[in-house]
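This report concerns only the one structure given below.
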2 protein chains.
Amino acid sequence: MNDPGRLREAGLRVTAARLAIMQTVSGGDHLDVEAIHRGVCERVGQVSLQAVYDSLNALQRGGLLRRIEPAGSPTRYETRVGDNHHHLVCRSCGRVADVDCAVGHAPCLEPASDAGYLVDEADVIYWGLCPPCRAEAGSAQPDSARV
Amino acid sequence: MNDPGRLREAGLRVTAARLAIMQTVSGGDHLDVEAIHRGVCERVGQVSLQAVYDSLNALQRGGLLRRIEPAGSPTRYETRVGDNHHHLVCRSCGRVADVDCAVGHAPCLEPASDAGYLVDEADVIYWGLCPPCRAEAGSAQPDSARV
DNA sequence: TCCTTTACTTGAATCATTCAAGTTTGCTGC
DNA sequence: GCAGCAAACTTGAATGATTCAAGTAAAGGA
């Protein structure tokens with residue numbers, strides 16, 4: 001289904017701003033709100049940052065977007081929803097990459113012991129260094145070789 | 001080893017404030033900074049909030065405390081460090097409970113595909129409802145029975 | 001085409017956290 | 001035991017992502 005259809009299906013109105021958000025997010029790579037805002041403005045002209053926040057929340061509630069909130073860095077969004085995939089986050093540059101669920105289908109929803117909690121979602125973030133930052137960290141002489 | 005020893009081992013000075021922080025965090029249940037601050041002040045008198053932030057960062061860097069940062073709620077701290085355990089977080093009240101790693105020893109460090117990332121930590125959060133909030137949600141007539 | 005509801009705009013507020021500058025204190029060496 | 005230095009603490013202000021509030025514009029069903 002296309003974006004307008006998905007929007008209507010979620011009970012949301014179809015607006016230029018929202019379509020531009022969908023395009024920007026699906027064309028980008030785990031963008032943050034600021035980057036999405038820039039992308040939207042490039043596509044359809046001035047849109048307020050608050051409208052972007054508002055729409056992102058609506059789209060997320062409607063299941064059209066997934067929100068990623070790594071500790072200590074601003075929220076990011078992606079269009080890959082409905083599957084149980086996880087994320088690799090770079091400690092150095094904040095870049096995010098998708099990882100398929102390590103264990104299979106939806107196993108992450110079952111902790112060893114749930115302490116009586118009614119679990120509905122598992123959030124798995126692998127922290128590390130992305131390839132570019134790895135290369136940089138590896139080649140740079142610590143605290144030197146920098147002009 | 002006791003707290004003063006652990007502090008020295010981490011290259012940190014032993015102060016009343018820091019000992020009070022260790023006591024408060026280990027006596028509490030995944031407390032946030034505000035709660036830790038209150039606990040510290042009860043034990044040793046007025047201590048500034050900034051000193052608490054500063055010390056918590058130092059203690060975390062020194063490996064004496066573990067920081068938990070669930071999306072959308074303030075940072076919490078615990079004294080259980082060095083093992084690979086995860087957390088259950090209540091969507092309703094924010095309560096946090098420990099869960100042992102589902103898969104065994106340190107398997108969570110190995111995503112299905114690492115996309116070239118050098119992974120050093122896995123952060124697993126199970127989202128759901130804690131028993132009290134479950135009970136409340138179950139018994140309450142939606143949008144009624146509330147005075 | 002009208003009307004209602006939802007979306008958007010502008011502007012201000014919030015909240016956890018950090019930064020900065022100056023003072024105090026723990027602790028190492030004498 | 002005392003001096004001196006670095007680490008820790010205090011006070012006060014700043015930051016930055018996000019939300020709230022009130023008014024205006026526009027989507028889409030009647």
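Throughout, protein chains are lettered first and strands after them, A, B, ... in sequence-line order, and every chain is numbered starting at 1. The figures that follow rest on heavy atoms only: side chains count, while hydrogens, waters and symmetry mates do not.
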B/R80 bridged to B/D100 by N-O distance under 4.0 Å: yes

Close side-chain approach of B/M22 to B/L65, heavy-atom, < 4.5 Å: yes

Letter per nucleotide, 5' to 3', of nucleotides 19-30 of chain D [B base touched, S only sugar-phosphate touched, - untouched; heavy atoms, 4.0 Å]: BB-----BBS--

Check: B/V14 main-chain N/O paired with B/R8 side-chain donor or acceptor under 3.5 Å: no

Distance, rounded to the nearest Å, where B/L56 contributes CG and D/dC9 contributes P: 11 Å

Salt-bridge present (A/R38, A/E42; N to O < 4.0 Å): no

Separation of C/dT25 P from B/R18 CZ (nearest whole Å): 15 Å

Interatomic distance where CG belongs to B/D54 and P belongs to C/dT18 [whole Å]: 10 Å

Test item: A/H37 side-chain N/O and A/V47 main-chain N/O as donor-acceptor pair under 3.5 Å: yes

Separation of atom CG in A/L19 from atom C1' in C/dC8, rounded to whole Å: 15 Å

Bend angle of the helix from C/dT1-D/dA30 to C/dC30-D/dG1, end axes from five pairs each (to 10°): 40°

Between A/H30 and A/D98: side-chain donor-acceptor atoms closer than 3.5 Å: yes

D/dC9 OP1/OP2 closer than 4.0 Å to side-chain N/O of B/S55: yes

Distance below 4.0 Å between B/T75 side-chain N/O and C/dT17 OP1 or OP2: yes

Separation of atom NE2 in A/H37 from atom C1' in C/dT9, rounded to whole Å: 11 Å

Sugar-phosphate, base or nothing in reach of A/Q46, heavy atoms under 4.0 Å: sugar-phosphate

Between C1' of C/dA7 and CZ of A/R61, the distance in whole Å: 12 Å

Short side-chain to backbone donor-acceptor contact, A/R18 and A/L59, under 3.5 Å: no

Gap separating the CG atom of A/L31 from the OG1 atom of A/T24, nearest 0.5 angstrom: 7.5 Å

Closest heavy-atom pair and its distance - A/C130, A/C93: SG-SG, 3.6 Å

Sugar-phosphate only, base, or nothing, as touched by A/A58 at under 4.0 Å among non-hydrogen atoms: nothing

